[in-house]
Visitor: 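Sharing a structure below in structure tokens format, with a few things to ask.
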Amino acid sequence: MKPLSFAFHSPIDVLTLPEFTNAGIRVNVKRDDLIHPFISGNKWRKLKYILEDARLKGKNHLVTFGGAWSNHLLATACAGARFGMRTTAMVRGEAVSNPVLSLCRIFGMNLKFVSRAEYRDKQALYQQFSTERKDTYFVDEGGFSALAVHGCAEIIDELDQEYDHIFCACGTGTTLAGLAKGIVKHQLRTHVHGIPVLKYGDFLLDDMQMIAPDLTSQSIYLHTDYHFGGYAKHTDELLRFVTRFSSTTGILIEPTYTGKLFYALTDLARNRFLKKGERILVLHTGGLTGILGKHEQIVASQAQDIIY
Ligand SMILES: *Cc1c(COP(=O)(O)O)cnc(C)c1O
């Protein structure tokens, strides 16, 4: 059997932006984007124990769910290929092609497009698909599960100093729940902050309770005003920020998750939510193939203000 581990601790970089210097805060970035190009960032953290559990149960066919640009689908496809498991994805919406789905196919994933109405009942779709098969294993959209929380909590095991605040972008809230769990485990005083990339992000606290029932929300903060119109939505201001950030730091970000995260951080530094002398860790959750869906808009958004 192929071993399940990469045995890799992601490095920590220092991040200097004028907003941070002005606010007198020290900001580090945990580069989970460097874990793997396709089993990227938090997706590896989330899949690790899911893969292990599937194996223990003798299942070698992962069945999962996602939208057409899902980083989770690509990560699952690549992890399946690497660790010797078959993968099937139920993809939300009408059949389309794009670079992320092509990569999924190249990694051997079987794609089934399902209507938005059908997609709402994932368990029914899974039951239908798995009745004739004995080796299937259900993996929820985005890897949402207690096992995934467990994997994300390991991020905190890798830290060698105590931070005042730790920040991450949130889709399902699994990564945030994991960070909070790791903080409790190590008895740190670090405040845990999530930037929901969807509208009305407060619902995440309830969702997090489902996969991490022992978690108290006292030291978890959700900053719900940085969704830029909702999931996968953006403004020109956000796109310009992505370019400014990437071109001045050499760290690539994208508009769907990490763009909103780092934008929020500069805003919170500017309005003094973050206090002088505080130490901050930001988790770069990777997902950079998201760039492929928006590269033309990103470049177009900056054309107007770059005049040499
Ligand atoms: C999937 C993803 C997230 C969301 O993580 P959750 O655990 O679902 O909240 C954040 N950032 C990137 C880059 C992602 O691909």
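All values below come from the heavy atoms of this structure, side chains included, with hydrogens, waters and symmetry mates left out. Read the numbers this way: they start at 1 and go in the same order the structure lists the ligands and their atoms. Residue numbers start at 1 and run along the sequence shown.
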Visitor: What protein heavy atom lies closest to atom 13 (C) of ligand 1? Include the residue and the distance to one decimal.
Guide: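 Of the protein heavy atoms, G286 O, 3.1 Å lies nearest.
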Visitor: Below 4.0 Å from ligand 1: does a non-hydrogen atom of G173 turn up there or not?
Guide: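 Yes, that is the case, since the closest heavy atom of the residue is under 4.0 Å from the ligand.
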Visitor: Starting from atom 4 (C) of ligand 1, what is the nearest protein heavy atom, named by residue and atom, and what distance separates them?
Guide: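 Of every protein heavy atom, G171 N, 3.4 Å lies nearest to atom 4 (C) of ligand 1.
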Visitor: Just need the protein heavy atom nearest to atom 14 (C) of ligand 1, so name the residue and atom and give the distance.
Guide: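 Result: K43 NZ, 2.9 Å.
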Visitor: Can you tell which part of T175 has a heavy atom less than 4.0 Å from ligand 1: side chain, backbone, both or neither?
Guide: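 The part of T175 near ligand 1 is both the backbone and the side chain.
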Visitor: For H72, which part has a heavy atom under 4.0 Å from ligand 1: side chain, backbone, both, or neither?
Guide: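 Answer for H72: neither.
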Visitor: Number the atoms of ligand 1 from 1 as they appear, then name those within less than 4.0 Å of a heavy atom of C170, with their elements.
Guide: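 Those of ligand 1 that fall under 4.0 Å from C170 are 9 (O).
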Visitor: Could you walk me through whether Y200 and H227 pass the ring pair (Phe, Tyr, Trp, His ring centres under 6.0 Å) check?
Guide: CA-CA 9 Å; Y200 315 118; H227 55 74; 7.2 Å; no
Visitor: Hey, are D202 and T224 close enough side-chain-wise for a donor-acceptor pair under 3.5 Å?
Guide: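 The answer is no; no qualifying pair exists.
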Visitor: Can you find a side-chain donor-acceptor pair between T285 and N42 that sits under 3.5 Å?
Guide: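 The answer is no; no qualifying pair exists.
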Visitor: Take S10 and D32 through the side chain to side chain donor-acceptor pair (under 3.5 Å) test and state the conclusion after the steps.
Guide: CA-CA 5 Å; S10 66; D32 269 15; 2.6 Å; yes
Visitor: Evaluate G287 for polar contact with ligand 1, using N/O atom pairs at a separation under 3.5 Å.
Guide: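 Looking only at distances, the answer is no, because the N/O contact criterion of under 3.5 Å is not met.
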Visitor: For Y137 and D53, test the side chains for any donor-to-acceptor distance below 3.5 angstrom and give the result as yes or no.
Guide: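 On atom types as modelled, these side chains qualify, holding a pair under 3.5 Å.
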Visitor: Looking just at side-chain N and O atoms, do D157 and H186 make a donor-acceptor pair shorter than 3.5 Å?
Guide: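 Yes, H186 and D157 have a side-chain donor paired with an acceptor closer than 3.5 Å.
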Visitor: Which class fits the ring pair H193 and F167: parallel under 30°, tilted 30 to 60°, perpendicular over 60°?
Guide: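 Geometry flag for F167 against H193: parallel rings.
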Visitor: Quick one: is the NZ or CZ of R105 closer than 6.0 Å to the six-membered ring centre of F107, and within 45° of its axis?
Guide: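 Relative to the ring axis of F107, which defines the angle, R105 lies outside at least one limit.
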Visitor: Do the side chains of R31 and D13 get close enough for a salt bridge, i.e. N-O under 4.0 angstrom?
Guide: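 Answer for the salt bridge query: yes.
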Visitor: Which protein heavy atom lies closest to atom 8 (O) of ligand 1, and at what distance to 0.1 Å?
Guide: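 So the nearest neighbour among protein heavy atoms is T172 OG1, 2.6 Å.
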Visitor: Could you tell me the residue and atom name of the protein heavy atom closest to atom 11 (N) of ligand 1, and the distance to it rounded to 0.1 Å?
Guide: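 Looking only at protein heavy atoms, the one closest to atom 11 (N) of ligand 1 is T285 OG1, 2.7 Å.
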Visitor: For atom 10 (C) of ligand 1, what's the nearest protein heavy atom and its distance?
Guide: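 The protein heavy atom lying closest is Y257 CD2, 3.3 Å.
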Visitor: Below 4.0 angstrom from a heavy atom of N71, which ligand 1 atoms are there? Numbered from 1 as shown, please.
Guide: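 Counting from 1, the qualifying ligand atoms are 14 (C), 15 (O).
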Visitor: Starting from atom 5 (O) of ligand 1, find the nearest protein heavy-atom neighbour and note its residue, name and distance.
Guide: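 Atom 5 (O) of ligand 1 sits closest to the protein heavy atom N42 ND2, 2.9 Å.
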